[in-house]
Number of protein chains: 2
Amino acid sequence: MSPEPKALPEPGGPLGDHLTVTLHLLVDRMDRFADGLLQARYGISFSQFQFIAVIANLPSPPDITFLADCLGVSKAAVSKRVPGFVEAGLVQTSADPANARRVLLSITPKAGQLLAEALPVLGASFSDEFDDLASPDLDALHEDLKAVIRHLDSKEH
Amino acid sequence: MSPEPKALPEPGGPLGDHLTVTLHLLVDRMDRFADGLLQARYGISFSQFQFIAVIANLPSPPDITFLADCLGVSKAAVSKRVPGFVEAGLVQTSADPANARRVLLSITPKAGQLLAEALPVLGASFSDEFDDLASPDLDALHEDLKAVIRHLDSKEH
DNA sequence: TCTTTTTCGTCAACCTGTTGACATTCGACG
DNA sequence: CGTCGAATGTCAACAGGTTGACGAAAAAGA
């Protein structure tokens with residue numbers, strides 16, 4: 001849209017100064033960061049990276065439904081994306097001999113190589129990004145956030 | 001997708017246990033909560049609510065470009081949504097006498113009424129959601145998050 | 001004034017998500 | 001064995017996001 005770097009909305013800006021807004025802004029910035037890094041060095045988006053990373057970290061090749069649950073999206077969303085990954089040579093599909101309806105997903109060697117390369121880079125870059133940030137203890141922050149999630153989930157809405 | 005409430009991915013689940021993942025999970029839950037509430041009582045999504053709330057909170061009717069910046073999305077994204085809001089009777093467009101290209105956006109009385117009703121409800125519900133959460137001090141958490149954002153922005157990547 | 005650049009909105013093409021309907025397959029059970 | 005319900009993947013229609021190209025209007029400059 002703009003040739004210049006887009007000005008991000010800031011905390012306390014036109015969106016207000018609520019915890020929810022602040023969380024959105026922070027998540028946006030982190031996503032942008034990861035996305036830019038992966039796009040520049042490996043030519044894939046963060047969402048694509050996550051897709052193959054989750055498959056790779058599962059103990060056995062998931063089917064469409066299980067991967068959808070892992071990613072927190074619908075079956076249809078995964079179903080539609082698979083052909084693109086296959087074309088890109090990142091994902092292989094295979095049949096479950098025990099169930100003709102199931103489509104099993106696994107990553108290709110190419111994707112495995114990409115993960116092996118990109119994972120440490122991504123981790124190191126995030127560390128760089130945060131290492132001179134002393135004020136709030138990030139581990140404590142992380143624990144607090146998880147506590148909030150547990151609290152919300154426990155109320156079972 | 002499922003008739004049953006969907007199982008949300010949990011912290012430390014298949015997505016890993018990183019701060020970024022935890023933030024995503026928390027934001028998802030909050031969005032779901034706000035969205036469900038607004039949808040049930042007022043028949044609009046959170047994203048629609050936000051669209052008119054931002055217009056309403058600006059000192060004067062924004063044009064498409066400025067609203068896009070406020071919302072953190074592209075001009076095209078706003079441009080495409082406007083007709084829907086006009087049809088729904090929530091937004092009015094007007095011409096800028098000083099510039100024939102500009103399209104000024106303002107909310108209708110109906111939208112103003114909706115905001116006046118929904119804003120307190122939404123706020124109260126969030127308070128209810130959090131009031132028995134003593135462990136982490138939410139205000140302190142909010143300040144920490146804003147500090148992290150300021151830190152990231154200051155590095156100017 | 002005439003030309004050039006910038007701004008502004010829109011369009012087309014694409015990506016990614018949703019829901020609801022659907023056919024197919026599996027599995028359980030009379 | 002036949003039948004019915006649940007599981008599975010796909011499809012269509014929609015919502016909302018992106019980028020890049022474009023025309024028209026405004027602004028800037030020679």
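Convention: sequence-line order gives letters A, B, ...; per-chain numbering from 1. No experiment lies behind these values; they were computed from the predicted model shown.
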Report yes or no: is there a donor-acceptor pair, N or O only, under 3.5 Å between the side chain of B/K80 and the base of D/dT18? yes
Could you tell me whether the side chain of A/L19 reaches within less than 4.5 Å of the side chain of B/F126, counting heavy atoms only? no
In whole angstroms, the gap separating C1' of D/dG16 from CG of B/L71 amounts to 12 Å
Given D/dT19, C/dT25, D/dA25, which nucleotide is nearest the side-chain atoms of B/N99? D/dA25
Rounding to an integer number of Å, can you tell me how far B/D69 CG sits from C/dG9 P? 11 Å
Between P on D/dA7 and CG on A/D96, what's the gap in Å once rounded to a whole number? 16 Å
What is the separation between atom CD on B/E87 and atom C1' on D/dC14, rounded to the nearest whole Å? 14 Å
Is the backbone of B/K146 close enough, under 3.5 Å, to the side chain of A/T22 for a donor and an acceptor to pair up by distance? no
So ring pair (Phe, Tyr, Trp, His ring centres under 6.0 Å) across residues 74-97 of chain B, not counting sequence neighbours, yields B/F51-B/F85
Less than 4.0 angstrom between a side-chain N/O of A/S79 and OP1 or OP2 of D/dG9, yes or no? no
Of A/V82, A/L104, A/V103, A/V78, which meets side chain to side chain contact (heavy atoms under 4.5 Å, CB included) against A/L67? A/V78
Would you mind telling me which of C/dT25, C/dT10, C/dG17 lies closest to the side-chain atoms of B/I64? C/dT10
Which of the following nucleotides, C/dG17, C/dG9, C/dT19, is nearest to the side chain of A/A77? C/dG17
note: B/F46, atom CZ; D/dG16, atom C1'; distance rounded to Å ~ 15 Å
Within a 6.0 Å radius of atom NE2 on B/H18, are there more than 12 heavy atoms belonging to other residues, nucleotides or ligands? no
Could you walk me through whether A/L90 and A/I107 pass the side-chain contact (heavy atoms from CB on, under 4.5 Å) test, one step at a time? CA-CA 6 Å; A/L90 296 171; A/I107 65 169; over 6 Å; no
Most 5' of B/R101 and B/P97 on DNA chain D, judged by nearest nucleotide: B/R101
In whole angstroms, the gap separating P of C/dG17 from CG of B/D31 amounts to 15 Å
Please tell me which of the listed nucleotides, C/dT18, D/dG20, C/dT25, lies nearest to the side chain of A/A100? C/dT25
Of the nucleotides C/dT16, D/dT8, C/dT10, which has the atom closest to the A/R102 side chain? D/dT8
For C/dT7, take OP1 and OP2 only and decide whether either is under 4.0 Å from a side-chain N or O of B/T65. no
Comparing nearest nucleotides in DNA chain C, the 5'-proximal residue of the pair A/S47, A/A76 is A/S47
By nearest nucleotide on DNA chain C, pick out whichever of A/Q48 and B/D63 is the more 5' one. B/D63
OP1 or OP2 of C/dT18 less than 4.0 angstrom from a side-chain nitrogen or oxygen of A/S74, does that happen here? yes
Round to a whole Å and report the spacing from CZ of B/R32 to P of C/dG17. 13 Å
If I take atom NZ in residue A/K75 and atom C1' in nucleotide C/dG20, what distance separates them, rounded to the nearest angstrom? 11 Å
Do NZ/NE/NH1/NH2 and the carboxylate oxygens of A/R29 and B/D153 come within less than 4.0 Å? yes
Side-chain N or O of A/S45 closer than 4.0 Å to phosphate OP1/OP2 of C/dC15: no
Salt bridge (Lys or Arg N to Asp or Glu O under 4.0 Å) partners for A/E117, two or more places apart: none
Scan residues 36-44 of chain A against DNA chain D and write down, sorted by residue number, each residue with any heavy atom closer than 4.0 Å; if none is found, say none. none
Proximity to the side chain of B/V73 - top-ranked nucleotide from C/dC26, C/dC8, D/dT18: D/dT18
